[in-house]
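As the structure is a computational prediction, the values presented were derived from the model and not from experiment. Throughout, a chain's letter reflects where its sequence line sits, starting with A, and its residues are numbered from 1.
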There are 2 protein chains.
Amino acid sequence: MPATIVDIKEKTGLSLATISKYLNGGNVLPENKVKIEAAIKELHYEVNELARGLVTNKTNTVGILVFSIESPFTGMILHHVGEALRKKGYGMLIVDSCDDEQIEARNVKYLISKKVDGIIVLPVASRGDFLSPAQNAKIPIVLLDRSLSDIQYDCVRIDNRKSTYNAMKELINRNHKKIAVIASEREYTGRERFNGFMEAMRDAGLEVPADYQIRGTHSIATGYNGMKKLMALKDRPTGVFMSNYEITLGAMLSMNEAGFRCPDDISLLGFDDQLFFHLLQPQVYMVEQPMKALGERAVELLIGRMNGIIDEDPIEIALGTRLQEGNSIKTL
Amino acid sequence: MPATIVDIKEKTGLSLATISKYLNGGNVLPENKVKIEAAIKELHYEVNELARGLVTNKTNTVGILVFSIESPFTGMILHHVGEALRKKGYGMLIVDSCDDEQIEARNVKYLISKKVDGIIVLPVASRGDFLSPAQNAKIPIVLLDRSLSDIQYDCVRIDNRKSTYNAMKELINRNHKKIAVIASEREYTGRERFNGFMEAMRDAGLEVPADYQIRGTHSIATGYNGMKKLMALKDRPTGVFMSNYEITLGAMLSMNEAGFRCPDDISLLGFDDQLFFHLLQPQVYMVEQPMKALGERAVELLIGRMNGIIDEDPIEIALGTRLQEGNSIKTL
DNA sequence: TAAAATGAACGAAACGCTTCGAACTGGTGA
DNA sequence: TCACCAGTTCGAAGCGTTTCGTTCATTTTA
């Protein structure tokens with residue numbers, strides 16, 4: 001039903017080859033150019049990218065595999081990734097893993113069958129097996145935000161451990177001794193931030209009793225329940241580090257509900273700045289990621305691989321972070 | 001390089017037709033089934049959806065055109081839309097218009113050339129011209145969240161006017177007389193909510209002076225600057241209605257900064273509930289949209305059109321909303 | 001036991017495009 | 001005037017699938 005190049009051929013009397021040449025920016029006689037353009041307009045012709053992709057073996061599309069499209073973090077990063085890709089002439093095929101490894105594995109095969117030219121992954125799983133179909137298909141892959149524990153792929157992320165380590169000084173230098181942590185343990189970032197926390201504590205000569213170490217998932221529930229447990233302790237911590245946006249949100253909800261005040265009752269240090277945190281009183285100290293740079297670097301790296309310009313072993317890029325200061329930490 | 005159905009043919013000695021039949025769930029002798037499955041595993045075969053789409057003229061992909069992928073509202077709605085589509089066996093091709101009508105128009109053509117089976121649109125533009133290429137190509141279209149001013153398409157949204165009208169009673173019944181509004185005027189939702197606001201005021205016999213009517217864009221800046229202007233007025237309003245998430249955020253930031261308290265100095269009524277608003281003290285009265293239902297109904301409608309099951313004139317579905325109560329409104 | 005009916009497998013054409021090498025142009029220089 | 005050349009145009013093959021109409025093998029029925 002929709003117009004094809006053959007319709008253009010019949011309308012103009014030119015050959016398929018000439019029309020194709022025009023469509024791809026080749027040189028065509030001015031008079032023919034006019035004819036073709038008129039026919040395109042008249043017939044509402046749009047190139048069929050399926051057919052084009054079939055012969056060129058390129059789709060100009062990058063697959064984006066996100067752990068959850070619902071998270072505000074994802075939204076921001078997608079915005080920057082999308083913009084960077086658009087500037088380079090690529091579209092993106094986003095697939096949502098809904099925080100589910102099964103779905104994630106299926107999604108990889110989906111992207112392969114859609115013949116994407118490359119894949120950017122914000123993974124759910126922490127092991128890389130699920131990516132091997134793409135690797136077999138020789139599709140370039142770049143991890144974003146989260147690294148994997150077994151196989152090394154190109155990866156663009158922040159230095160989670162160091163960022164946490166440095167941010168912890170805000171609590172430590174204000175004489176907090178009893179500091180708890182609520183961290184996700186299912187993904188890379190949560191584990192790294194947890195490790196950064198523990199290192200900071202160790203180097204400061206501070207103990208972290210087992211009930212100060214709350215591990216859970218990347219979720220509001222983990223923050224909510226974790227903080228609840230901490231508040232119920234006989235020997236309560238004076239400060240708490242929370243490893244991501246959702247956990248920070250949940251923990252604060254739970255404090256609000258219980259009538260605990262920050263920083264009077266408990267001092268807080270969180271991760272992943274989002275504008276609305278600025279609304280809160282007190283304003284929370286947050287580690288802020290360079291979203292735009294993350295997206296751009298990932299795209300740059302991926303395109304380098306796709307064009308074969310970059311051809312070395314896997315590269316791991318760890319960007320620095322900024323600490324958004326607040327007044328959520330009391331000096332003891 | 002990647003394996004094709006021809007490789008399978010050679011490995012198994014069967015014909016293309018038989019293998020294709022297997023791939024599409026047709027009946028094949030058990031022994032052949034085993035052979036095919038073994039070959040698929042061994043060769044890491046994945047169907048080439050480009051080729052398949054070219055002949056079937058179906059891609060099992062729905063294009064999603066969003067005004068901005070950065071907004072948390074978008075993230076939530078995409079999650080539900082995606083889930084509903086996945087259950088029906090469809091993938092989604094998301095394109096971000098970055099709040100820019102030019103990009104939006106280009107994106108429509110992009111989706112057409114990608115041969116999506118249908119399109120769900122959260123539009124930037126308020127006129128529908130940009131969709132005509134898709135209409136010419138006979139691709140079913142469903143609008144989501146926002147309607148258009150000129151052409152009527154299928155649309156799933158909330159009843160913006162009525163929701164606002166009803167929510168306004170919270171302010172009016174608490175004896176507020178001087179109520180201001182900060183609303184976006186560029187998109188449908190903002191205009192409708194503005195109208196709902198004005199109707200509620202008129203029916204209550206209340207005046208709305210010009211400097212109480214702040215119109216702007218769907219942005220934090222509009223909320224921020226709007227509230228600033230209101231706070232600077234000699235005759236300040238006692239209550240303010242804000243037409244969406246971003247504006248509410250911006251307005252509150254600006255109040256916080258200026259040291260204005262809610263509800264003591266100004267009472268607030270907002271739109272688009274997001275979990276983090278529950279963290280704020282006081283908790284803001286917010287009109288909450290049924291995100292899941294919106295996504296599901298849109299998908300349902302679109303699939304109905306794609307299958308030709310629904311075949312009537314454009315349908316406009318307006319869902320109801322819920323008011324999230326808070327303590328941001330003072331009784332005068 | 002032969003004919004009819006069932007179920008699977010097959011060959012070839014088609015989907016809409018790109019691309020390669022060959023065939024045309026008209027203008028130039030010998 | 002003719003051979004040559006650069007610049008366009010053209011025809012045909014091929015990308016990886018599905019599908020239609022046909023053939024083939026097996027089972028059922030009379």
Those residues at least two apart in sequence (or on a different chain) that pass side chain to side chain donor-acceptor pair (under 3.5 Å) with B/Asp99 are none
Set of residues satisfying side chain to side chain donor-acceptor pair (under 3.5 Å) with respect to B/Arg191, sequence neighbours excluded:
none
Checking B/Glu37 now: which residues fulfil salt bridge (Lys or Arg N to Asp or Glu O under 4.0 Å) with it, not counting sequence neighbours?
none
Pairing residues for A/Lys11 by the salt bridge (Lys or Arg N to Asp or Glu O under 4.0 Å) criterion, not counting sequence neighbours:
A/Glu42
Taking side-chain contact (heavy atoms from CB on, under 4.5 Å) as the test, write out the residues that go with B/Glu70, two or more places apart.
A/Met76, A/His79, B/Ser68
Which of residues 29-41 of chain B sit near DNA chain C, with a heavy atom under 4.0 Å from it?
B/Leu29, B/Asn32
DNA chain C contacts among residues 3-14 of chain B, heavy-atom distance under 4.0 Å
B/Gly13, B/Leu14
Side-chain donor-acceptor pairs under 3.5 Å in residues 306-314 of chain B, sequence neighbours left out?
residue  : atom : partner  : partner atom : Å
B/Asn307 : ND2  : B/Ile303 : O            : 3.4

Would you please test B/Thr61 and A/Lys114 for side-chain hydrogen bond (donor to acceptor under 3.5 Å, both in side chains) and show each step?
CA-CA 10 Å; B/Thr61 300; A/Lys114 286 290 184 182; 2.7 Å; yes
Quick tally for nucleotides 19-27 of chain D: nucleotides whose base has a protein heavy atom under 4.0 Å get B, sugar-phosphate-only ones S, the rest -, giving B--------
Would you please confirm or rule out a distance under 4.0 Å between OP1 or OP2 of C/dA8 and any side-chain N or O of B/Asn27?
yes
Do the side-chain N or O atoms of A/Tyr45 get closer than 4.0 angstrom to the phosphate oxygens (OP1, OP2) of C/dC17?
yes
Bend angle of the helix from C/dT1-D/dA30 to C/dA30-D/dT1, end axes from five pairs each (to 10°):
50°
Quick one: which residue pairs count as a ring pair (Phe, Tyr, Trp, His ring centres under 6.0 Å) with a foot in residues 13-68 of chain B, not counting sequence neighbours?
B/Phe67-B/His218
Restricting to nitrogen or oxygen on both sides, can you table the protein-nucleotides 23-28 of chain C pairs closer than 3.5 Å?
none

